[in-house]
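Just below is one structure, and these are the notes that go with it.
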Amino acid sequence: MSAEGRATRRGLLLGGLAVALILAGLVSAVASGAPDGLEAALHAGCAVDDAGDIVAGTCPARAARPHEVGGPFADYAIAGLGPGWGTALAGVGGVLLTFACGWAVFRLARRRPG
Amino acid sequence: MRTLALHISNGIVDGPTSLAFLLLAVAAGGWCVRRARRDLDDRLVPLAGLVAAFVFAVQMLNFPVLPGVSGHLLGGALAAALVGPWVGALCVSVVLVVQALVFADGGVTAIGLNVTNMALLHTAVAYAVLVLAARLLPRTPAAVAVAAGVAGWLATVVASQGFVLQYWLGGAAPLPGGLGALAATMGGLHALIGVGEGLITAGTVAAVARTRPDLVYALRGRPLPATAPAGSAA
């Protein structure tokens, strides 16, 4: 590939990553906090309080168990930071981590040149 | 603080069923790697990583569909349109694994369930629609964008029924309204969510196709229809 081609490709990559980082880091702040379709369907039949915990009724969501791992970044937050900064940094970190993991997986999987 | 659980948590579907779908997901993932090899050269590797990163980002952007209910992009259709079905399925799989292990979004034991619905089923259904569209429509950026949008909608609805099937096989708790009610609720909500998925997918594909059609997998293959009579300069 020509040097020019490589430069264009790198520019595209950085541009795409920038868009992803802005989406995850900034736009995520205005994302809806309502339960998504799966959550809503699983909670059908139960009454839920403001914190999202089940207070009455029977529904499939009652069977949910705490997460096996949890961790400092659980639920797209950073332990110790408020929801605003926490979600933004978790989003940025997640985008970079996913990019790195994806790149690694695909690099291992690719066909070798020659 | 409200928890942002977007994918199936652990405990919802029982152990044996979760394990069975984990094995299915691993086997399918292996097959995708084999088939993806043909497409994966050094040029596509970083782009595929970018698609995965982009899907991660957009999955964080819940949009309201009904009062008190939101939806978010699943991403298999977008991945299929941009990097093809094999690489696409792997992209979404990477996202789901990172989400489960690092962000507690989706149970670890539920990874197979989530991968099956969102990375395999969603991508496969979407790709089928794209293949069909390629036979019926001219392979232009606009047509591919529209096809990707429709693919995104249908794939989202089907993916929701994938969960219904999993629940039928191994749901831990009895359903108040029966399986039919779950299917109807999941299907109905995801028909709405699918509209968002379709619009985001179509819009993203259109944007990429307009500037870099060489980066849209769904535009590969047959050359774009000629706009000038054969023999004149392109």
Side-chain angles (χ1 to χ4, degrees), chain A residues 1 9 12-13 16-17 19-21 23-24 27-28 31-42 44-45 51-52 57-65 67-71 73-77 83 87 90-91 94-107 109-111 113, chain B residues 1-6 8-12 33 36-38 40-43 45-46 48-50 52-54 56-58 60-64 68-72 87 90-91 94-95 98 101-105 107-109 160 163 167 171-173 175-177 182 185-186 189-190 193 212:
Chain A
M1 188 191 312
R9 193 157 290 275
L12 172 83
L13 203 60
L17 269 180
V19 171
L21 288 169
L23 290 176
V27 182
S28 59
S32 167
D36 74 354
L38 176 70
E39 279 278 292
L42 290 176
T58 42
C59 55
R62 273 196 179 276
R65 292 197 294 265
H67 197 267
E68 300 94 333
V69 172
F73 309 113
D75 302 323
Y76 304 98
T87 305
V95 164
L96 295 174
L97 178 64
T98 303
F99 176 74
C101 290
W103 193 86
V105 164
F106 293 120
R107 189 158 173 80
R110 88 195 189 288
R111 61 170 191 266
Chain B
M1 190 180 76
R2 147 152 282 285
T3 43
L4 282 176
L6 303 181
I8 305 167
S9 315
N10 90 82
I12 300 288
V33 168
R37 281 213 132 98
R38 297 172 210 181
L40 273 173
D41 53 17
D42 282 334
R43 289 175 32 195
V45 166
L50 177 62
F54 190 77
F56 178 93
V58 189
M60 288 182 72
L61 307 180
N62 282 44
F63 47 87
V69 184
S70 71
H72 63 85
V87 175
L90 293 171
C91 285
V94 168
V95 173
V98 167
L101 295 181
V102 179
F103 297 99
D105 182 3
V108 174
T109 48
S160 78
F163 171 69
Y167 205 85
L175 291 168
L182 181 70
T185 306
M186 286 292 287
L189 288 176
H190 284 83
I193 295 170
R212 294 294 301 269

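In what follows, every chain begins at residue 1, and chains take the letters A, B, ... in the order their sequences are listed. Just the heavy atoms: all of them, side chains too, but no hydrogens, waters or symmetry mates, feed the values below.
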Mind ranking [options] by heavy-atom pairs under 4.5 Å with chain B and telling me who comes out on top?
options	answer
G45(A), G71(A), A64(A), A40(A)	A64(A)
G57(A), G37(A), A104(A), C59(A)	G37(A)
A63(A), G102(A), S28(A), G70(A)	A63(A)

Counting only non-hydrogen atoms closer than 4.5 Å, does [X] touch chain B with its backbone (N, CA, C, O), its side chain (CB onward), both, or neither?
X	value
L96(A)	neither
A44(A)	backbone
R62(A)	neither
V105(A)	side chain

For the student: nearest non-hydrogen atoms of [X] and [Y], plus distance:
X	Y	value
V19(A)	F54(B)	CG1-CE1, 3.8 Å
L101(B)	V69(A)	O-CG1, 3.9 Å
R37(B)	A109(A)	NE-O, 3.1 Å
M186(B)	L38(A)	CE-CD1, 3.7 Å
A61(A)	I12(B)	CA-CD1, 4.0 Å
L12(A)	L50(B)	O-CD2, 4.4 Å

Exercise. For the pair S32(A) (side chain) and N62(B) (backbone), establish whether a donor and an acceptor sit closer than 3.5 Å, ignoring hydrogens and angles.
Key: no
Quiz prompt | Contact leader toward chain A among V69(B), V58(B), L90(B), L189(B), where contacts are heavy-atom pairs under 4.5 Å | solution = V69(B)
Exercise. Just give me the residue among P46(B), G177(B), A173(B), A172(B) that pairs up with chain A most often, heavy atom to heavy atom, under 4.5 Å.
Key: P46(B)
Exercise. Fit a plane to each ring of F103(B) and Y76(A), take the angle between them on a 0 to 90° scale, and name the class: parallel (under 30°), tilted (30 to 60°) or perpendicular (over 60°).
Key: parallel
Quiz item: Considering only heavy atoms from C-beta outward, does the side chain of R110(A) approach that of D41(B) to under 4.5 Å?
Solution: no
Quiz item: Atom CG in L40(B), atom CZ in R107(A): separation rounded to 0.5 Å?
Solution: 11.5 Å
